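We're numbering straight along the sequence, starting at 1. Owing to the predicted nature of the structure, the values given are computational and were not obtained by experimental measurement.
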Amino acid sequence: MITLPDGGTSPLIDASVHIFFQGNAELRGWLREPYSARGYPDVEMDWYGAPGGEYAPGTVLSEGGYPGSEPDAVGQVLFGERGADIAILHPMTRGIMPDRHLGTAIASAHNEMMIARWLDSGAYADRYRGTLRVNPEDISGAVREIERWGSHPRVVQIGIPLQSRELYGKPQFWPLWEAAADARLPVAVHIETGSGVAYPPTPSGHPRTYEQYLGFMALNYLYHQMNMIAEGVFERFTELRFVWADGAADLLTPMMWRMDTFGRPHLEQTPWAPRMPSDYLPGSIYFVQGRLDGPGDVDFAGDWLEFTGKDDMVMFGSSYPHWQLDDPARLPSALTPAQREKVLWRNAAGLYGIDIPAAATTR
């Protein structure tokens with residue numbers, strides 16, 4: 001429960017909390033042979049390092065610890081200090097690996113760690129929900145992970161990297177989307193680097209600075225989403241839910257306006273997706289609101305959120321423990337009470353099937 005700027009209170013679901021191993025040595029201990037003896041990149045191996053470091057000050061919670069790696073200490077921060085009621089955990093792995101089998105093994109190790117250490121034990125296990133990491137480069141391995149862990153009561157979605165080597169509307173990914181839809185698990189897509197084999201962050205290559213990288217990277221969700229609509233993914237899998245988990249809802253409206261312009265006149269090119277492109281958004285597309293998303297605290301922020309139905313798609317996520325750590329108090333003051341409620345908890349509660357006690361919603 002958090003205190004709002006007007007003095008009221010509200011439940012809070014933090015839809016983006018990143019968790020880690022203590023380091024490569026610990027990850028290796030969760031891998032089985034032949035993968036435990038293999039080499040793999042460090043989680044911070046990135047072509048674009050954030051100025052000042054990857055993590056927010058104060059997120060190393062014990063001597064020799066690593067940010068986001070200690071379940072009870074992190075829970076004390078999230079629930080005791082920051083006022084969250086529920087936290088959606090997103091293990092950060094190594095992006096797209098050259099060896100798809102190694103990539104699947106690393107994802108599987110993260111899943112085992114998350115479930116054993118965060119979801120099934122510790123002081124805050126009942127307040128954590130988990131993202132099951134799967135490898136979209138290894139469809140059969142990804143489906144096996146869903147079959148293995150998808151019915152766990154605190155697993156609420158699967159997670160894949162935003163960076164890829166093909167657009168996610170392509171038919172080779174359809175068995176994975178079908179498995180996710182059948183398991184009633186949304187698919188969360190998050191920026192993740194580390195291996196150097198994913199395509200550049202822009203269609204024209206690599207930008208020069210971290211600031212350019214961060215500004216352009218979120219555009220990649222648009223390429224995936226527009227391709228998925230045009231390929232008929234949401235027409236074929238009506239129960240599929242996608243969460244663009246690294247912000248950029250602010251880009252949705254102008255791009256969908258443009259896509260709708262051509263959606264109806266060129267229907268003969270995509271007869272398997274007969275509706276207007278924007279018609280596929282409600283109930284299928286969600287965003288985690290990031291600290292970098294616009295338009296900021298301006299008087300038209302509520303109107304902008306309403307355009308294209310974004311107020312039913314956006315969920316607050318802190319990105320703890322990363323440097324862009326967000327605070328719900330930073331939501332624009334122009335949001336209506338209903339919009340604020342949706343962003344802070346109601347959209348996430350509906351998507352993930354999280355029960356927020358009625359008493360908490362009326363304070």
Side-chain angles (χ1 to χ4, degrees), residues 12-18 44 46-59 67-68 78 82 84 87-88 90 92 95 131 159 161-163 188-194 198 200-203 206-225 242-256 285-308 310-311 313-335 339-340 342-344 347-348:
L12 174 65
I13 296 175
D14 189 335
S16 184
V17 172
H18 307 155
E44 292 186 37
D46 195 336
W47 292 5
Y48 301 96
E54 294 293 329
Y55 304 110
T59 53
L78 296 176
R82 294 179 58 83
I88 312 298
H90 198 115
M92 303 303 289
T131 301
L162 178 63
Q163 296 94 318
V189 189
H190 197 285
I191 293 176
E192 189 170 69
T193 59
T202 83
H206 292 279
R208 178 173 177 268
T209 67
Y210 177 84
E211 291 79 6
Q212 290 176 304
Y213 161 79
L214 196 64
F216 296 142
M217 190 65 222
L219 289 168
N220 285 272
Y221 96 82
L222 289 167
Y223 310 140
H224 287 306
Q225 178 176 294
F242 253 69
V243 179
W244 305 108
D246 221 355
D250 51 356
L251 301 174
L252 177 68
T253 292
M255 297 309 297
M256 290 311 303
I285 297 298
Y286 295 81
F287 293 87
V288 173
Q289 177 83 0
R291 182 177 178 180
L292 306 179
D293 291 341
D297 192 11
V298 295
D299 57 6
F300 60 84
D303 294 333
W304 185 250
L305 189 65
E306 186 178 6
F307 290 160
T308 329
K310 294 192 294 293
D311 47 3
M313 304 177 195
V314 172
M315 307 178 290
F316 172 81
S318 68
S319 292
Y320 181 92
H322 276 97
W323 69 268
Q324 68 269 34
L325 181 63
D326 204 3
D327 189 318
R330 295 183 66 260
L331 290 180
S333 57
L335 299 187
Q339 287 176 324
R340 187 175 302 273
K342 289 179 178 181
V343 173
L344 291 176
N347 287 343

Minimum heavy-atom separation for Pro254 to Asp250, with atom names? CD-O, 4.2 Å
To the nearest 0.5 Å, what is the distance between CE on Met255 and OG1 on Thr308? 12.0 Å
Name all residues meeting the side chain to side chain contact (heavy atoms under 4.5 Å, CB included) criterion together with Leu251; count only those two or more places apart in sequence or in a different chain, and write none if there are none. Leu219, Tyr221, Leu222, Ala248
Looking at Asp326 and Phe316, what are the two nearest heavy atoms and their distance? O-CZ, 3.8 Å
Between Pro321 and Pro67, what is the shortest heavy-atom contact and its length? CG-CB, 3.6 Å
Hits for ring-ring contact (aromatic ring centres under 6.0 Å, His included) against Tyr320, two or more places apart or cross-chain, chain-then-number order -> none
What is the minimum heavy-atom distance between Val288 and Ala15, and which atoms define it? CG2-O, 4.0 Å
Reported CG-to-CG distance for the pair Asn347 and Asp311, which is rounded to 0.5 angstrom: 8.0 Å
Do Trp244 and Gln225 have side chains that get closer than 4.5 Å, going by heavy atoms? yes
Any pair with a residue in residues 286-305 that passes side-chain hydrogen bond (donor to acceptor under 3.5 Å, both in side chains), sequence neighbours left out, goes on the list, sorted by first then second residue, please. Asp297-Ser333
Just wondering, do Leu214 and Gln324 contact through their side chains at under 4.5 Å, heavy atoms? no
Distance-only, no hydrogens or angles: does the Gln339 side chain make a donor-acceptor pair with backbone N or O of Leu335 under 3.5 Å? no
ring-ring contact (aromatic ring centres under 6.0 Å, His included) against His224, all qualifying residues, sequence neighbours excluded: Tyr168
Atom pair CE/CZ of Met315 and Phe287 - distance to nearest 0.5 Å: 10.0 Å
Spacing of CG belonging to Leu344 relative to CG belonging to Leu331, to within rounding of 0.5 Å: 5.5 Å
Measure up the His18 and His190 rings against each other and bin them: parallel (under 30°), tilted (30 to 60°), perpendicular (over 60°). perpendicular
List for me each residue that meets side chain to side chain contact (heavy atoms under 4.5 Å, CB included) alongside Glu211, sequence neighbours excluded, and say none if there are none. Pro51, Thr209
Are the side chains of Thr253 and Lys310 in touch, meaning some heavy atoms are under 4.5 Å apart? yes
Can any side-chain N or O of Gln163 pair as donor or acceptor with the backbone N or O of Gly95 at less than 3.5 Å? no
How would you list, by chain and number, every residue that makes a side chain to side chain contact (heavy atoms under 4.5 Å, CB included) with Ala188, sequence neighbours excluded? His90, Gln157, Val243, Ala245
Could you measure the distance from the CE atom of Met217 to the CG atom of Leu292? Nearest 0.5 Å is fine. 14.0 Å
So do the side chains of Leu162 and Asp246 get within less than 4.5 Å of each other, counting heavy atoms only? no
Taking all non-hydrogen atoms of both residues into account, name the closest pair between Pro207 and Thr202 and its distance. CD-CG2, 4.0 Å
Rounding to 0.5 Å, atoms CG (Asp14) and OG (Ser319) come to a distance of 8.0 Å
In the structure I gave you, are the side-chain heavy atoms of Pro332 and Val298 within less than 4.5 Å of one another anywhere? no
Is any side-chain heavy atom of Met313 less than 4.5 Å from a side-chain heavy atom of Leu252? yes
